[in-house]
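If you're wondering where the values come from, they're calculated on a predicted model, not measured in any experiment. Both ligands and their constituent atoms are indexed starting at 1 by order of listing.
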Amino acid sequence: METKKISHVGIAVRDLEAAIPFYRDSLGMQLEGTEVVAEQKVRVAFLVVGESRIELLEPTAEDSPVAKFLEKNGEGVHHIAYEVDDLQASLDRLKEEGVRLIDDKPRDGAHGARIAFLHPKATRGVLTELCQH
Ligand code: CMX
């Protein structure tokens, strides 16, 4: 399995519009755009940092995983996402190795990517996303 790069770091925020100006204007990151990821119950903004991105995540429903995270922890780093070549092959191999997966099949993510999460208990406490563009 080749992990190609950090695709993005997800940051949970309560209000996307309130959070964007610091990253765009104070830190000078280019705002790529915002979109709703219905399957994950979030609205996201992507900001470019070199070949990676910061993904600001705002929940769109009370039962969104990000709503639960905010309730428990407040705003902050939510997950790290790594780009892989063949997501299904990576998931199959990790499963074989006994790694605890949240998704054993790819789901739809932002930007038309296919995504899957590994459980934070399997990754030393970091919610980890694998994605394939
Ligand atoms: N980072 C690190 N640890 C986390 C975490 C996170 N983001 N979210 C939960 N945890 C930990 C909790 O602290 C808890 O640990 P303890 O048992 O030691 O207290 C444990 O995981 C269980 O957490 P929980 O609060 O009971 O939450 P749930 O079990 O209901 O769900 C998780 C946790 C990660 C399985 C769930 O949020 C999930 O399936 N996430 C994947 C999907 C997702 O997050 N989508 C939003 C982003 C989508 C996108 O980027 O497009």
If you group Ile, Leu, Val, Met, Phe, Trp and Tyr by side-chain heavy-atom gaps below 4.5 Å, do L16 and F69 land in one group? no
Taking atom 16 (P) of ligand 1 as the reference point, the nearest protein heavy atom with its distance: K121 NZ, 3.4 Å
Any protein heavy atom < 4.0 Å from atom 14 (C) of ligand 1: yes
Would you tell me which option among E55, Q40, K72 has the nearest heavy-atom contact to atom 50 (O) of ligand 1? E55
Between F117 and H79, how do the two ring planes meet: parallel, tilted or perpendicular, split at 30° and 60°? perpendicular
A student comparing A113, C131, P120 should find that the heavy atom closest to atom 5 (C) of ligand 1 comes from P120
Which residue from G125, A12, G109, P65 reaches closest to atom 36 (C) of ligand 1 through any of its heavy atoms? P65
Test item: protein heavy atom less than 4.0 Å from atom 1 (N) of ligand 1: yes
Would H78 count as being in polar contact with ligand 1, using the rule that some N or O on each side must be under 3.5 angstrom apart? yes
Please check this pair: side chain of T128 against backbone of I80, looking for a donor-acceptor N/O pair closer than 3.5 Å. no
With a 4.0 Å cut-off on heavy atoms, is H8 in contact with ligand 1? no
For the backbone of A113 and the side chain of H111, can you confirm whether one donor and one acceptor N or O come within less than 3.5 Å of each other? no
Among V126, V9, V66, find the residue that satisfies the side chain to side chain contact (heavy atoms under 4.5 Å, CB included) test when tested with H78. V66
State, yes or no, whether a side-chain contact exists between R53 and V48 at a heavy-atom distance under 4.5 Å. yes
For ligand 1 and H119, I'd like to know whether there is a polar contact (N/O to N/O, distance under 3.5 Å). no
Closer than 3.5 angstrom, by distance alone: can the side chain of S52 be matched with the main-chain N or O of I6 as a donor-acceptor pair? yes
Considering only heavy atoms of H79, which atoms of ligand 1 have at least one such atom less than 4.0 Å away? 50 (O)
min-distance protein heavy atom vs atom 39 (O) of ligand 1 -> I102 CG2, 3.5 Å
Under a 4.0 angstrom heavy-atom cut-off, which atoms of ligand 1 come close to E129? 50 (O)
Main-chain N/O of H8 paired to E55 side chain as donor or acceptor, under 3.5 Å: no
Can you tell me which portion of L127 lies within the under-4.0 Å heavy-atom range of ligand 1? Options are side chain, backbone, both, or neither. both
Within a distance of under 4.0 Å, is there any protein heavy atom near atom 22 (C) of ligand 1? no
Identify the closest protein heavy atom to atom 8 (N) of ligand 1: which residue and atom is it, and at what distance? F69 CD1, 4.2 Å
Would K41 count as a contact of ligand 1 if the rule is a heavy atom under 4.0 Å away? no
To check your reading of the model: name the closest protein heavy atom to atom 29 (O) of ligand 1, its residue, and the distance in Å. K68 NZ, 4.4 Å
Indicate the atoms forming the closest heavy-atom contact of T60 with R43, along with that distance. CG2-N, 3.6 Å
Is L57 touching ligand 1 with its side chain, its backbone, both, or neither, if touching means heavy atoms under 4.0 Å apart? side chain
When you measure from the side chain of K95 to the backbone of D104, do you find a donor-acceptor pair of N or O atoms at a distance under 3.5 Å? no
Donor-acceptor contact below 3.5 Å, side chain T123 vs main chain P120: yes
